[in-house]
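Order of the sequence lines fixes the chain letters, A, B, ..., with proteins taken first and strands second; residue numbering starts at 1 for each chain.
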Protein chains: 2
Amino acid sequence: MTRASARSVPEATPLWLKLSSYLILTDEEKAYLSELERNILRQPPRSDLLQQGEKYRDVRVMREGWAIRHKALPDGRRQVVNFVLPGDIIGMYSTLFESADHSVTTLTAVEVACFPPDRIVELFRGFPRLAAALAWSGAREEAIVAERLLSLGRRTALERTAHLIVELLRRLTTVNMADNGHFTLPVTQEILADALGLSIVHINRTLRRLRDSGLIELNGQRITVNDVRQLASVGQFDELYLHLIRAPKRLERAFSGEERRPHAGGAGEGRRKM
Amino acid sequence: MTRASARSVPEATPLWLKLSSYLILTDEEKAYLSELERNILRQPPRSDLLQQGEKYRDVRVMREGWAIRHKALPDGRRQVVNFVLPGDIIGMYSTLFESADHSVTTLTAVEVACFPPDRIVELFRGFPRLAAALAWSGAREEAIVAERLLSLGRRTALERTAHLIVELLRRLTTVNMADNGHFTLPVTQEILADALGLSIVHINRTLRRLRDSGLIELNGQRITVNDVRQLASVGQFDELYLHLIRAPKRLERAFSGEERRPHAGGAGEGRRKM
DNA sequence: TTATGCCCTTAACCTATGTTGTAGCCGTAC
DNA sequence: GTACGGCTACAACATAGGTTAAGGGCATAA
């Protein structure tokens with residue numbers, strides 16, 4: 001196994017960092033990842049990275065900037081499903097799905113890496129640990145969407161809004177995009193409304209209430225959370241769903257277990273239990 | 001490669017069938033899957049398969065029956081995230097996540113298979129094609145949840161309800177649990193309300209409207225969809241998100257491509273390009 | 001400079017949906 | 001048989017959040 005080429009030390013990209021929190025990456029894996037991200041593309045704010053209905057093309061990895069994943073109804077009503085942050089993957093299952101059921105639109109200028117979907121297959125075949133880590137990150141995203149579903153279904157406007165702000169604060173903190181309770185939210189109130197299933201007027205009212213109660217401050221796109229604890233309590237925020245507790249390298253442990261290839265001989269006896 | 005043991009021809013389980021729609025399973029893979037499902041457990045209706053907050057234990061595969069995946073707020077408000085049908089997996093990422101952020105509760109008597117989470121790791125290591133297919137099915141689930149988010153955020157009560165009914169009809173049809181527009185929905189109106197983010201009273205009103213307009217019929221838990229087209233149009237249902245068009249064995253094709261192990265030597269040149 | 005467009009803000013009013021309360025049906029327990 | 005609990009049904013009323021309308025700030029363009 002050639003050590004990762006000394007002539008170009010792979011740099012730590014956001015994806016790399018994200019996966020690292022669950023695996024101690026080998027040099028070979030690091031090299032593979034940074035090679036994956038070699039083809040870099042820049043796009044301006046408010047441009048589409050993917051459009052609902054179009055055939056999937058490349059897989060993309062967000063390296064820098066913000067985007068939203070959203071779905072629209074034929075009559076124009078729109079729902080933001082999630083915010084796409086550095087390290088997140090767009091269209092990971094291009095190989096499998098025919099066409100996109102959602103759009104991805106940039107909020108800021110972004111930098112993304114592109115590669116053909118086949119490389120995901122290649123990765124599953126050659127780098128099972130990376131594959132598992134990617135599958136994990138997909139599951140985490142689902143958990144976030146499920147929590148948002150709980151918000152839209154069962155939380156009031158005030159609770160939802162508080163919850164989202166705390167969620168973003170937490171997520172941004174883990175990627176060093178927030179410090180000490182304040183961060184930049186490159187988002188109009190319309191987008192916020194579309195993320196929370198509210199009207200733009202009502203989002204405005206709700207933000208006002210949060211400001212009046214002193215929980216947050218807003219100037220322009222800069223938001224400051226004055227009292228995270230209380231805001232979290234207003235939003236009934238329980239960070240369980242973010243699965244941040246990087247379970248002490250569980251995947252690592254599991255993979256480094258005995259190297260036996262799993263048996264596969266049908267109704268084989270033995271080894272079962274627990 | 002030992003052929004799948006002749007002495008016990010593996011039976012086609014729902015999971016098996018599900019994955020088959022995206023891969024032509026090899027005998028070895030079939031054997032592995034059916035061995036995975038060897039340890040079978042039965043549970044009565046209205047019992048928990050998983051509880052929010054508890055440590056993950058076994059991975060479970062639904063073989064028969066219905067369940068719901070739901071999340072609750074501390075004050076008791078509850079949101080049903082999805083319906084769990086045969087072939088669906090519960091707690092697939094137990095290895096990675098510390099504790100469950102949702103509960104799973106049976107609606108009918110169910111039959112599930114259980115196995116320890118390590119076997120997922122084993123599977124990633126030894127059966128990349130199965131791993132990819134499982135990751136796919138996770139992505140599909142996310143797509144369903146995202147669509148439900150769109151419903152709760154932007155569809156009216158009538159639209160949501162219509163949409164859900166069509167969704168269930170479609171999903172059940174693919175697993176032969178519905179025929180010709182009617183199926184059994186083992187669900188109280190309370191559960192429906194929790195799935196759609198509505199009050200129980202309003203669900204009742206909404207079902208009445210659907211019945212009055214002749215789009216559906218209800219008797220007990222038996223539901224009949226009289227006019228799928230129109231119901232789908234009321235719900236602005238676009239089945240894109242279900243990703244049913246089993247893209248002509250795309251994964252199959254991708255995997256059966258050249259067998260080369262991916263290179264990994266860092267900034268290697270060449271081979272990049274489509 | 002004015003014009004234009006985008007966004008935020010607020011007020012007044014409206015409606016879809018929530019709440020409360022009552023009744024009836026049906027199956028099970030005893 | 002009666003009592004009970006779980007579920008459906010529906011009426012009357014309450015309200016969170018939607019809609020419409022209007023104005024203001026602040027860029028950028030000409």
Side-chain angles (χ1 to χ4, degrees), chain A residues 44-47 68 73 75-80 105 107-108 151-164 184-212 216-223 234-236, chain B residues 44-47 68 73 75-80 105-108 151-164 184-213 216-223 234-236:
Chain A
R46 317 224 137 210
S47 60
I68 47 176
L73 255 21
D75 63 11
R77 284 174 286 175
R78 189 176 74 145
Q79 178 65 42
V80 171
T105 304
L107 296 175
T108 65
S151 270
L152 296 216
R154 292 304 185 208
R155 280 192 257 247
T156 66
L158 189 71
E159 292 167 344
R160 274 179 231 188
T161 309
H163 190 276
L164 179 63
T184 299
L185 224 197
V187 129
T188 63
Q189 293 190 355
E190 184 180 7
I191 291 171
L192 231 39
D194 284 342
L196 294 172
L198 297 171
S199 69
I200 186 171
V201 174
H202 201 58
I203 262 292
N204 189 292
R205 288 197 270 253
T206 307
L207 288 175
R208 161 140 296 285
R209 283 180 65 190
L210 286 175
R211 267 185 286 147
D212 287 350
I216 64 170
E217 276 166 47
L218 291 170
N219 14 331
Q221 310 208 306
R222 198 81 192 152
I223 176 170
V234 168
Q236 307 199 259
Chain B
R46 318 226 137 207
S47 60
I68 46 174
L73 254 22
D75 62 12
R77 283 175 287 174
R78 189 176 74 146
Q79 178 64 43
V80 170
T105 304
T106 62
L107 295 175
T108 65
S151 270
L152 296 217
R154 293 304 185 208
R155 280 191 257 248
T156 66
L158 189 72
E159 292 167 344
R160 274 180 231 187
T161 309
H163 190 276
L164 179 63
T184 299
L185 224 197
V187 129
T188 63
Q189 293 190 354
E190 182 180 10
I191 289 170
L192 230 40
D194 284 341
L196 294 172
L198 297 170
S199 69
I200 188 171
V201 174
H202 201 58
I203 263 292
N204 189 292
R205 288 198 268 254
T206 306
L207 288 175
R208 161 140 296 284
R209 283 180 64 191
L210 287 174
R211 267 185 288 145
D212 287 351
S213 63
I216 64 171
E217 276 167 47
L218 290 170
N219 13 329
Q221 311 207 306
R222 199 79 193 153
I223 176 170
V234 168
Q236 308 200 255

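Minimum atom distance to the side chain of V201(B) is reached by dA11(D), of the listed dA11(D), dC7(C), dG18(D). The nucleotide whose nearest atom lies closest to any side-chain atom of T156(B) is, among dA12(C), dT8(D), dT17(C), dT17(C).
Straight-line distance from the CD atom of E190(B) to the P atom of dT8(D): 9 Å, rounded to whole Å. Atom CZ in R154(B) sits about 10 Å away from atom C1' in dG18(D), given to the nearest Å. Atom pair Q221(A):CD and dC8(C):C1' shows a separation of 12 Å (rounding to whole Å applied). For the pair R155(B) CZ and dA16(C) P, the computed distance is 18 Å after rounding to whole Å. Between the CD1 atom of I191(B) and the C1' atom of dG6(D) there is a distance of 12 Å, given to the nearest Å. Atom CG in L107(B) sits roughly 15 Å away from atom C1' in dC7(D) (whole-Å rounding). As rounded to whole Å, 11 Å separates atom P of dG18(C) from atom CG of D194(B). Remark: C1' of dT15(C) and NE2 of H202(A) are 14 Å apart, rounded to the nearest angstrom.
Between the side chain of T106(B) and the backbone N or O of P44(B) there is at least one donor-acceptor pair closer than 3.5 Å.
Side-chain N/O atoms of R211(B) include one lying less than 4.0 angstrom from OP1 or OP2 on dA9(D). Within the 4.0 Å cut-off from OP1 or OP2 of dC10(D), at least one side-chain nitrogen or oxygen of R208(B) is found. Between Q189(A) and dT9(C) there is a side-chain N or O to OP1 or OP2 distance below 4.0 Å. Within the 4.0 Å cut-off from OP1 or OP2 of dT9(C), at least one side-chain nitrogen or oxygen of N204(A) is found.
Summary of the strand contacts: L207(B) and I200(A) both lie near DNA chain D, and taking for each the nucleotide with the nearest heavy atom, the more 5' one is attributed to L207(B).
Note on S199(A): a base of the nucleic acid sits closer than 4.0 angstrom, heavy atoms only. Counting any heavy atom pair closer than 4.0 Å across all strands shown, G220(B) reaches no nucleic acid atom.
Scanning both residues, I191(B) and R46(B), for their nearest heavy atoms gives CD1-NH2, 3.7 Å.
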Could you give me the CA-CA distance, side-chain angles and deciding distance for D194(B) and R154(A), then say whether side chain to side chain contact (heavy atoms under 4.5 Å, CB included) is met? CA-CA 8 Å; D194(B) 284 341; R154(A) 292 304 185 208; 2.8 Å; yes
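The environment of CZ in R209(B) is sparse: at most 12 heavy-atom neighbours from other residues, nucleotides or ligands sit within 6.0 Å.
Residues L207(B) and I216(B) have side chains in contact (heavy-atom distance under 4.5 Å, counting atoms from C-beta outward).
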